[in-house]
Structures are given as C-alpha cells and as structure tokens.
Engineer: 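The structure is given below, and queries will be raised subsequently.
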Protein chains: 2
Amino acid sequence: MPRRKTEPAAEANRRTEVLRAAARLFVEKGFEATTTRDIAEAAGMRSGSPFYHFRSKLDLLKAVILEGLAASEARQQAAIAGVDDPLDRLHRLVRAHLGSLFEHDTNAPLLIGETRALDAAARRQIAEAFDRYQIPWQQTLDALVAQGTLTSAAPPLRLWLFGMLNWSTHWYRPDGAMTLDALADSAVAMLLGQAPG
Amino acid sequence: MPRRKTEPAAEANRRTEVLRAAARLFVEKGFEATTTRDIAEAAGMRSGSPFYHFRSKLDLLKAVILEGLAASEARQQAAIAGVDDPLDRLHRLVRAHLGSLFEHDTNAPLLIGETRALDAAARRQIAEAFDRYQIPWQQTLDALVAQGTLTSAAPPLRLWLFGMLNWSTHWYRPDGAMTLDALADSAVAMLLGQAPG
DNA sequence: CCTACCGATCGGTAGG
DNA sequence: CCTACCGATCGGTAGG
C-alpha cells in the first residue's frame, strides 16, 4: 500500500479547524460579512486553502449548519436518555438547547437566518434536520397535555418555544448574573404560565 | 425667493422610495447581500443616486431601522389608546406587533440581527428605541400580575414574549391557513400557560 | 496546502 | 439625480 502525503486523521483535523473557524465567524459577523480570507486566517492557513476542504463558501455554510445541528442532537439525546417524567424531560430539553446556543460547541440554530443564501435543496435539507431535532419536544409537550399540565400542544406551541429560546441569543449574556440553569427555569416557567401552586 | 430645482416634497418622496426599497431588500436578502445597486434599481434610479439621499449604506440601514421602529410605535399607540383592561391591552399589543412584522409597512424588528454592522453609537441608539417600544409591554405584564393573572413579570418574561413573536417570521406564513388574529390568540394563550378555566 | 493570480463586483465619489 | 469612474476586495482556480 502506498504511503499518503498527509495522514487522513490530520487532514480531517484541518477540515474541522476550518469548520469551527467558519462557524464562529458566521455567528459573530454573519455569513455575507465573513470572507473566506477571514476563515483561512482564523484557521492559520493561506487565503486559497479553505477551498481544498470545501468546494465553495456556500458548501462551508451548509456543513457548518448540518454538522452543528448533528452535535446539538447528540447533546439532546444524552440529556434525555432514560428520563421519563415529562416535566423533567422538558426541562432537560430546554437546558440542552440553551447549552447548544451558549456553550459554543454547536451553534447551528444561530445560523437559521443565514440559510437565505443557500439553494432550495440545501434549505429543505436543513429544515428537515430542524424538524427532526424538535420531535422529542413535540412528544414531551404531548405528554404534558396527557397528564394535564398543559391544555394544548398544537404545533405552534412548539414553535413559540423554539423561537423564544433562539431569540435569547439577542439579549442573554452568559457572563451576566443569570446562570444558564436559571434561564432554563425561567423559560419553563414561561411555558407553564407560572400558574400559582 | 429663488425657485428650487426640485420641490422639497418630491425630494422627500424619492428619499422615502429609497428607504422602502432598502427595507424590503434588507429583510429579503440581508444587509450584506443587498447591494446599493439593487436598492437603486428597485427605486428606479441609477447606481450612484442613493448616495444623494444617504451618506452611506450603513446610514441607510440605520434610517431603515429607526424609522421603521417609529412606525411600529405609532401603530402600537393607536392599538392601545383608551384600552384599560390589562388582558385586552396585552392582546392588542401582541396583535399590533405581529401586524408590524407581517403587514409589510414596518419591519424594524426583522433587522435587529443586522445591527452587527453598525457602530456602537448607532447600536445603542437602536437598542434604546427597542427598549422604549417595550415599555407598554412591561406595564401591561405588571398589571396582569397585579390582578393575579400572572405570577411574575420579571423582565425575562417580556423578552421571552418579544422573542417568540419575532421568531415567528421564520415559520409563520401570512398566506397560510392561520390568520394573524389566530396567531395572536395562540401567542397570548402560550403566555398565559393555557391554564384550564 | 501554498503561490500567484483573475474576473467580477462593490461602496462610494467628482463633476455636472 | 445621472455619467463615468476608481480603488479595494472578494470568491475561486491553476499548477505545483
């Protein structure tokens, strides 16, 4: 077997570095305002090198979103594994989602707005991935209706929840007085209507 | 008194046309992806002409957001004038906000994400305007606590509400089965926790 | 993954 | 508000 110039593992690492740099910059400055040169520099490469790993800037955006979302799904599954109580599950789903938003490893939800730039096929693929991500949410909301904690779990409820959490990136500061746990508590209280008792 | 080449009223109209074209394009394609040439064309002008009305593309963005927000405030005031019942007021505030989002005349909230591009002074000015816009919301939420309809109206509650409404631009389609009135009803039900009775 | 480079486009301006 | 234009930057590529 012929030796390769670069080890496959090392090559994968470099790809991941480009991906992570792109994710951070897309979130900070937006997709259009980020240049492929910014990304190359942040990954410690020359300006043309990102194109060795990704066909185009759009391909890079698509990968950032889909792979970020896959990481969020993994975090979500780990958070609810073996948890049966619906209210407990809801709380863990909310906390896991806020973790994905603010704990930096996976920030796919922050980039939903940037999918504008992608073609219809890529947008559809991303929309489907987000739908799958929300399946456990809908199941949990349905369970809360079944036990009488909520009156209705029609689909808009899930979307209201998803939206209020995602929008928190515009006002919540992780380094402020409110912890992520407290933020999750607040969000759940909002959903339950803070009914006395 | 010397005659002017162009009437002041006509000149103001042209400025408004540029502003409206820019607002629509910024929302559709995003600030960075919209070129000043796109805006000029949409306003029926040559490529350099928008700069007769606005110093720079950034100035145009700032004006779109601040003037759009002023229009939203006017709509809000008209919606709640003379309405005292807190729940009725809340419902009208929500409906007015959804109207500003989807009924196309004023779309400032959609552009919050684009303020990244502006300098700190402009961002602060816009943030203050959004704070003022939400004052009636906080007052109404406090009144709902006073009458026992809500348990707490700590500031995050207002921000959750603002966020869930704004995020609806990512999923709600005005031409679908759900009317804007039904959407407002759903949002209010979400806030109140759909408590039975 | 780097060097060297290209064609296209962009925000903005001078002068009328 | 138009004409004509500029300097800078950008995504992407050939060839190694």
Side-chain angles (χ1 to χ4, degrees), chain A residues 2-23 25-26 28-65 111 114-119 122, chain B residues 2-23 25-26 28-65 111 114-119 122:
Chain A
R3 294 263 299 281
R4 304 196 191 198
K5 268 224 208 84
T6 51
E7 303 297 326
E11 197 169 304
N13 280 343
R14 298 299 275 148
R15 201 195 97 107
T16 301
E17 285 172 41
V18 175
L19 202 73
R20 277 219 244 275
L25 288 166
F26 288 164
E28 269 176 32
K29 312 175 35 163
F31 172 73
E32 301 284 352
T34 300
T35 68
T36 56
R37 282 164 173 81
D38 291 337
I39 296 167
E41 193 185 6
M45 299 171 170
R46 300 293 178 158
S47 68
S49 300
F51 296 99
Y52 171 75
H53 297 282
F54 297 91
R55 220 183 296 266
S56 69
K57 193 187 174 192
L58 284 171
D59 253 51
L60 188 42
L61 174 62
K62 186 179 159 188
V64 163
I65 296 178
L111 294 170
E114 307 289 4
T115 58
R116 268 187 296 230
L118 295 170
D119 59 42
Chain B
R3 293 262 301 281
R4 304 194 191 199
K5 267 222 208 88
T6 50
E7 304 296 327
E11 197 169 304
N13 279 346
R14 296 300 274 150
R15 201 195 97 107
T16 301
E17 284 171 44
V18 174
L19 202 73
R20 278 219 243 274
L25 289 166
F26 288 163
E28 268 176 34
K29 312 176 35 164
F31 172 71
E32 302 284 352
T34 301
T35 68
T36 55
R37 282 165 173 80
D38 291 336
I39 296 167
E41 192 185 7
M45 299 169 172
R46 299 293 178 159
S47 67
S49 301
F51 296 99
Y52 172 75
H53 297 284
F54 297 91
R55 218 183 298 268
S56 70
K57 194 187 174 191
L58 284 171
D59 253 51
L60 187 42
L61 174 62
K62 186 179 159 188
V64 164
I65 295 178
L111 295 170
E114 307 288 5
T115 58
R116 270 188 294 232
L118 296 170
D119 59 42

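Quick note: numbers below take in every heavy atom, side chains included, and nothing from hydrogens, waters or symmetry partners. Numbers restart at 1 for each chain; the letters A, B, ... are given by sequence-line order, proteins then strands.
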Engineer: Provide, to the nearest angstrom, the distance between the CG atom belonging to A/Asp38 and the P atom belonging to D/dT9.
Structural biologist: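 Atom-to-atom, A/Asp38 to D/dT9, this comes out as 12 Å.
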
Engineer: Whole-Å distance between C/dC10 P and B/Phe31 CZ?
Structural biologist: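 Roughly 13 Å, once rounded to whole Å.
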
Engineer: Look at the side chain of B/Met45 and decide which nucleotide, out of C/dG11, D/dG11, D/dC2, has an atom nearest to it.
Structural biologist: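 For B/Met45, the side-chain atoms sit closest to D/dC2.
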
Engineer: Take atom CG of A/Leu25 and atom P of D/dC10, then tell me their distance rounded to the nearest Å.
Structural biologist: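 That distance rounds to 13 Å.
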
Engineer: Atom CD of A/Glu41 and atom P of D/dT9: how far apart are they, to the nearest Å?
Structural biologist: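 Rounded to whole Å, this separation is 13 Å.
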
Engineer: Is it the case that A/Lys57 places NZ or CZ above or below the six-membered ring of A/Phe31, under 6.0 angstrom from the centre and within 45 degrees of the axis?
Structural biologist: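 Positive - A/Lys57 is close enough to the ring of A/Phe31 and near enough to its axis.
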
Engineer: Taking the side chain of B/Phe51 as its heavy atoms from C-beta onward, which of D/dG12, C/dT13, D/dG11 lies nearest to it?
Structural biologist: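 So the nucleotide nearest the side chain must be C/dT13.
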
Engineer: Return the minimal non-hydrogen interatomic distance between A/Ile39 and A/Thr34, and the atom names on each side.
Structural biologist: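 Looking at all heavy atoms of both residues, the shortest contact is CG1-CG2, 3.8 Å.
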
Engineer: Between D/dG11, C/dG11, C/dG12, which nucleotide gets closest to the side-chain atoms of B/Thr35?
Structural biologist: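 From the listed options, C/dG11 comes nearest.
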
Engineer: Sequence neighbours excluded, which residues qualify as side chain to side chain donor-acceptor pair (under 3.5 Å) partners of B/Thr35?
Structural biologist: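 In terms of side chain to side chain donor-acceptor pair (under 3.5 Å), with neighbours along the sequence ignored, B/Thr35 is linked to B/Asp38.
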
Engineer: Sequence neighbours excluded, which residues qualify as side chain to side chain contact (heavy atoms under 4.5 Å, CB included) partners of B/Phe54?
Structural biologist: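 In terms of side chain to side chain contact (heavy atoms under 4.5 Å, CB included), with neighbours along the sequence ignored, B/Phe54 is linked to B/Arg15, B/Val18, B/Leu19, B/Leu60, B/Ala63.
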
Engineer: Looking at residues at least two apart in the chain, or sitting in another chain, which of them share a side chain to side chain contact (heavy atoms under 4.5 Å, CB included) with B/Glu41?
Structural biologist: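 So B/Glu41 forms no side chain to side chain contact (heavy atoms under 4.5 Å, CB included) with any residue.
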
Engineer: Measure the distance from CD on B/Glu32 to P on D/dC10 and round it to the nearest whole Å.
Structural biologist: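 Nearest whole value for this atom pair: 11 Å.
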
Engineer: Residues in side chain to side chain contact (heavy atoms under 4.5 Å, CB included) with A/Thr115, at least two apart?
Structural biologist: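 So A/Thr115 forms a side chain to side chain contact (heavy atoms under 4.5 Å, CB included) with A/Ile65, A/Leu118, A/Arg123, A/Ile126.
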
Engineer: Take atom NZ of A/Lys29 and atom P of D/dT9, then tell me their distance rounded to the nearest Å.
Structural biologist: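 The answer, rounded to whole Å, is 12 Å.
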
Engineer: In dot-bracket form, 5' to 3', how is DNA chain D paired? Count Watson-Crick and G-U wobble pairs only if both distances fall under 3.5 Å, and write | where the partner sits on another strand.
Structural biologist: ||||||||||||||||

Engineer: Tell me every residue that passes side chain to side chain contact (heavy atoms under 4.5 Å, CB included) with A/Ser47, counting only those two or more places apart in sequence or in another chain.
Structural biologist: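 Partners of A/Ser47 by the side chain to side chain contact (heavy atoms under 4.5 Å, CB included) criterion, ordered by chain and then number, come out as A/Arg37.
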
Engineer: Rounding to a whole Å, what distance do you find between B/Leu58:CG and C/dC10:C1'?
Structural biologist: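 After rounding, the reported distance stands at 13 Å.
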
Engineer: Between D/dG12 atom P and A/Arg55 atom CZ, what is the distance in whole Å?
Structural biologist: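 Computing the A/Arg55:CZ to D/dG12:P distance gives 12 Å.
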
Engineer: Please write out each protein N/O paired with an N/O of nucleotides 3-5 of chain D under 3.5 Å, distance rounded to 0.1 Å.
Structural biologist:
{"residue": "D/dT3", "atom": "OP2", "partner": "B/Arg46", "partner atom": "NE", "Å": "3.1"}

Engineer: Once salt bridge (charged side-chain N to carboxylate O under 4.0 Å, His left out) is applied, do any residues pair with A/Arg46, and if so which ones, sequence neighbours excluded?
Structural biologist: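 Partners of A/Arg46 under the salt bridge (charged side-chain N to carboxylate O under 4.0 Å, His left out) test: none.
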
Engineer: Among residues at least two apart in sequence or on other chains, which ones pass salt bridge (charged side-chain N to carboxylate O under 4.0 Å, His left out) with A/Glu114?
Structural biologist: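 A/Glu114: salt bridge (charged side-chain N to carboxylate O under 4.0 Å, His left out) contacts with B/Arg116.
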
